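To start, the structure itself, in structure tokens.
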Amino acid sequence: MEKKRIDIAVGAIVNAEGLIFITRRQKGSHLAGFWEFPGGKVETTKGESAEQALSRELLEEVGIHVDEPELLRVLEYDYPDRNLTLHFFIVERWEGIPESQEEQESRWLPIESLTADEFPEANRPIVEDLKLRYCA
């Protein structure tokens, strides 16, 4: 049986000092313990776009209102148990203070300090994209 493809909207929240906001996947979740860029499922059955999902998810997960996100990249990644289409956005402008709303561990980190191995495989190319964009 073919696995359904799941659309995910993800935000790389970057502040003016070049720090990025990341959260850790909780125990009991898929890929628990890895760091991630916040975001979540696009409700495609409700006609939601990736950008709308990003705004909704970042408000729910980290308590911010996104302003003009920039699409960085769309990539597909197939895990043994699920197939994902990931829509990665750069978020440099927002209202509110990013902080975990779901009791996830979170932190601000210099982009150059991101370590790809600490992220799920599907996120690792984005770590490199971010370093090229902000640290080159």
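Because the structure is a prediction, the values reported are computed rather than measured.
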Could you tell me if the side chain of [Y] sits less than 4.5 Å from the side chain of [X], heavy atoms only?
X: Ser49; Y: Val42; answer: no
X: Leu72; Y: Ile126; answer: yes
X: Asn83; Y: Lys4; answer: no
X: Val14; Y: Ile111; answer: yes

Donor-acceptor pair, distance only, cut-off 3.5 Å: does the side chain of [X] make one with the backbone of [Y]?
X: Glu36; Y: Phe34; result: no
X: Glu60; Y: Ser55; result: no
X: Lys131; Y: Leu114; result: yes

Distance in Å, [X] [atom1] paired with [Y] [atom2], rounded so as to fall on 0.5 Å steps:
X: Glu99; Y: Thr23; atom1: CD; atom2: OG1; result: 13.0 Å
X: Arg5; Y: Asp78; atom1: CZ; atom2: CG; result: 4.5 Å
X: Arg25; Y: Trp35; atom1: CZ; atom2: CH2; result: 13.0 Å
X: Asn123; Y: Leu130; atom1: CG; atom2: CG; result: 10.0 Å
X: Ile22; Y: Ser113; atom1: CD1; atom2: OG; result: 9.5 Å
X: Leu86; Y: Phe37; atom1: CG; atom2: CZ; result: 11.0 Å

Problem set entry | Steps toward salt bridge (charged side-chain N to carboxylate O under 4.0 Å, His left out) verdict (Arg107, Glu118) | CA-CA 13 Å; Arg107 65 181 175 171; Glu118 294 180 353; 3.5 Å; yes

Search all heavy atoms of [X] against all heavy atoms of [Y] and return the closest pair with its distance.
X: Gln101; Y: Gly63; value: CG-N, 3.5 Å
X: Ile20; Y: Ala12; value: CD1-CB, 3.9 Å
X: Pro38; Y: Ile13; value: CG-CD1, 4.0 Å
X: Leu54; Y: Pro69; value: CD2-CB, 3.6 Å
X: Thr115; Y: Phe119; value: O-CD1, 3.3 Å
X: Ala9; Y: Ala50; value: CB-O, 3.3 Å

Assess whether a salt bridge exists between [X] and [Y], defined as any Lys/Arg side-chain N lying under 4.0 Å from an Asp/Glu carboxylate O.
X: Glu103; Y: Arg24; answer: no
X: Glu57; Y: Lys41; answer: no
X: Arg56; Y: Glu61; answer: no

For this session: Tell me, yes or no, whether the heavy-atom count around Leu132 atom CG, taken from other residues, nucleotides or ligands under 6.0 Å, exceeds 12.
Result: yes

When clusters are formed by joining ILVMFWY residues with side-chain heavy atoms under 4.5 Å apart, either directly or through shared neighbours, do [X] and [Y] land in the same one?
X: Leu58; Y: Leu109; value: no
X: Ile6; Y: Leu75; value: yes
X: Val127; Y: Trp108; value: no

For this session: Walk me through it: do Asp129 and Arg73 pass the test side chain to side chain contact (heavy atoms under 4.5 Å, CB included)?
Result: CA-CA 9 Å; Asp129 288 351; Arg73 188 200 267 211; 2.9 Å; yes

Problem set entry | Partners meeting side chain to side chain contact (heavy atoms under 4.5 Å, CB included) with Glu121 (sequence neighbours left out) | Tyr77, Tyr79, Arg124

Contacts table for residues 87-95: side-chain donor-acceptor under 3.5 angstrom, sequence neighbours left out:
residue : atom : partner : partner atom : Å
His87   : NE2  : Asp7    : OD1          : 2.8
Glu92   : OE2  : Tyr134  : OH           : 2.5
Arg93   : NH2  : Asp67   : OD2          : 3.1
Trp94   : NE1  : Gly96   : O            : 3.3

